Protein chains: 2
Amino acid sequence: MSNSVDPYHLEDQVGYLLRLASQRHSIIFQNRISKDLTPTQFATLIRVAEKKEVSQNQLGRLAAMDIATIKGVVDRLKAKGLLQATADPGDKRRSIISLTEAGAQLMEQLYADGFGISHETLAPLKKSEQKTLLALLKKIT
Amino acid sequence: MSNSVDPYHLEDQVGYLLRLASQRHSIIFQNRISKDLTPTQFATLIRVAEKKEVSQNQLGRLAAMDIATIKGVVDRLKAKGLLQATADPGDKRRSIISLTEAGAQLMEQLYADGFGISHETLAPLKKSEQKTLLALLKKIT
DNA sequence: CCACTTTCATTAGCACACTAATGATAAGTG
DNA sequence: CACTTATCATTAGTGTGCTAATGAAAGTGG
């Protein structure tokens with residue numbers, strides 16, 4: 001039976017811990033990423049690289065961002081010359097997003113950075129713990 | 001030895017999974033919280049309630065927000081009538097933050113909400129997995 | 001083919017979350 | 001005491017991340 005006098009400890013709550021872990025990850029990301037990119041910009045580039053061509057809507061779903069958020073991210077990546085948008089001839093509502101030459105050339109380095117970032121973020125854990133953490137995180141997604 | 005041809009799967013990276021888990025948690029939070037509050041506002045109230053009186057700087061450290069972020073959070077909580085600031089007589093730089101009557105009366109409900117939010121967020125996991133996840137998250141904080 | 005619905009994208013607005021710069025006050029040291 | 005350093009708070013700027021409102025284009029059913 002549950003104890004009605006359990007104190008509430010913020011530091012034991014998932015939400016708070018997720019925020020703290022995200023904060024640390026962001027710092028590691030920032031220190032290790034080659035270009036001046038944020039984690040969401042990074043994820044967006046990865047998704048575009050995987051698909052070659054996507055609509056903005058599709059891209060938002062693939063990178064787990066809502067349409068208003070992905071728009072800003074794509075705009076900034078266009079400003080950096082890493083993404084480009086062209087009109088879809090068969091559907092005038094759509095704009096097709098793809099990597100520029102510069103974006104494409106950057107990808108190999110980004111993948112390498114990505115491995116390093118994940119590695120450092122998980123460094124406090126043993127190999128087996130790392131697998132467990134990833135598996136559990138996937139379950140609460 | 002590490003395999004140089006490992007593909008990079010975004011969905012297996014800690015940073016990405018942390019973002020997804022945080023997203024789901026936010027939605028649950030929003031649906032369950034009594035007052036119109038965000039997770040950071042919630043954490044801030046909890047910390048003030050624990051300390052009774054804190055400077056804004058202290059509060060930022062306690063709630064894991066930088067000083068610029070906590071300022072905005074405190075401003076919004078003041079606007080909602082849940083926090084108040086008074087001058088520190090012994091140190092003119094400081095403003096002392098405390099709960100208003102309305103804020104104090106809200107706390108009991110917020111603790112209850114907090115338990116429910118954590119519970120629902122962790123619902124996909126068994127009890128033992130929940131403990132493991134929290135322990136592992138603490139290690140990468 | 002015309003109305004209804006859905007999809008796609010844009011815009012405005014709010015709330016974090018950080019950096020960097022500024023200014024005021026306090027504390028420590030020669 | 002005067003100088004330096006540290007602390008506290010504010011402000012401006014950038015980048016997520018969401019909702020809600022708008023409008024254009026595409027699809028669907030009577």
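Keep in mind the model is a prediction, meaning the values are calculated, not measured. The chains referred to below are lettered A, B, ... by the order of the sequence lines, with proteins before strands, and numbering in each begins at 1.
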Starting from the 5' end of DNA chain C, give me the residue, B/I67 or B/R76, whose nearest nucleotide shows up first.
-> B/R76

Distances under 3.5 Å between nitrogen or oxygen atoms of protein and nucleotides 26-28 of chain D:
residue : atom : partner : partner atom : Å
D/dA26  : OP1  : A/K92   : N            : 3.0

May I ask you to say what B/S26 touches in the nucleic acid, namely base, sugar-phosphate or nothing, with a heavy-atom cut-off under 4.0 Å?
-> nothing

So which one's nearest nucleotide on DNA chain D is more toward 5', A/K80 or B/Q23?
-> A/K80

Reckon B/Q30 touches a base, only the sugar-phosphate, or nothing at all at heavy-atom distances under 4.0 Å?
-> nothing

Is the closest basic N to carboxylate O distance between A/D12 and B/K138 below 4.0 Å?
-> yes

Can you give each donor-acceptor pair under 3.5 Å made by side-chain atoms of residues 54-65 of chain A, sequence neighbours left out, with the distance rounded to 0.1 Å?
residue : atom : partner : partner atom : Å
A/S55   : OG   : A/Q58   : N            : 3.1
A/Q58   : OE1  : A/S55   : N            : 3.2

Members of residues 35-44 of chain B that approach DNA chain C, where some heavy atom sits under 4.0 Å away | B/T38, B/T40, B/Q41

Charged N to carboxylate O below 4.0 Å: is that the case for A/D113 and A/K35?
-> no

Span of DNA chain C, from the first to the last nucleotide whose atoms fall under 4.0 Å of chain A heavy atoms = C/dT7 to C/dC18

Residues A/E11 and B/R47 bridged, charged N to O under 4.0 Å | yes

Worked verdict on A/D88 versus A/K92 for salt bridge (charged side-chain N to carboxylate O under 4.0 Å, His left out) | CA-CA 6 Å; A/D88 183 330; A/K92 291 180 189 168; over 6 Å; no

Ordered by number, residues from residues 49-65 of chain A within less than 4.0 Å of DNA chain C (heavy atoms) are A/S55, A/Q56, A/N57, A/R61

Could you go over nucleotides 1-4 of chain D and give all protein N or O partners under 3.5 Å, atom names and distances?
none

Of B/R94 and A/V73, the one whose closest nucleotide on DNA chain D sits nearer the 5' end is B/R94

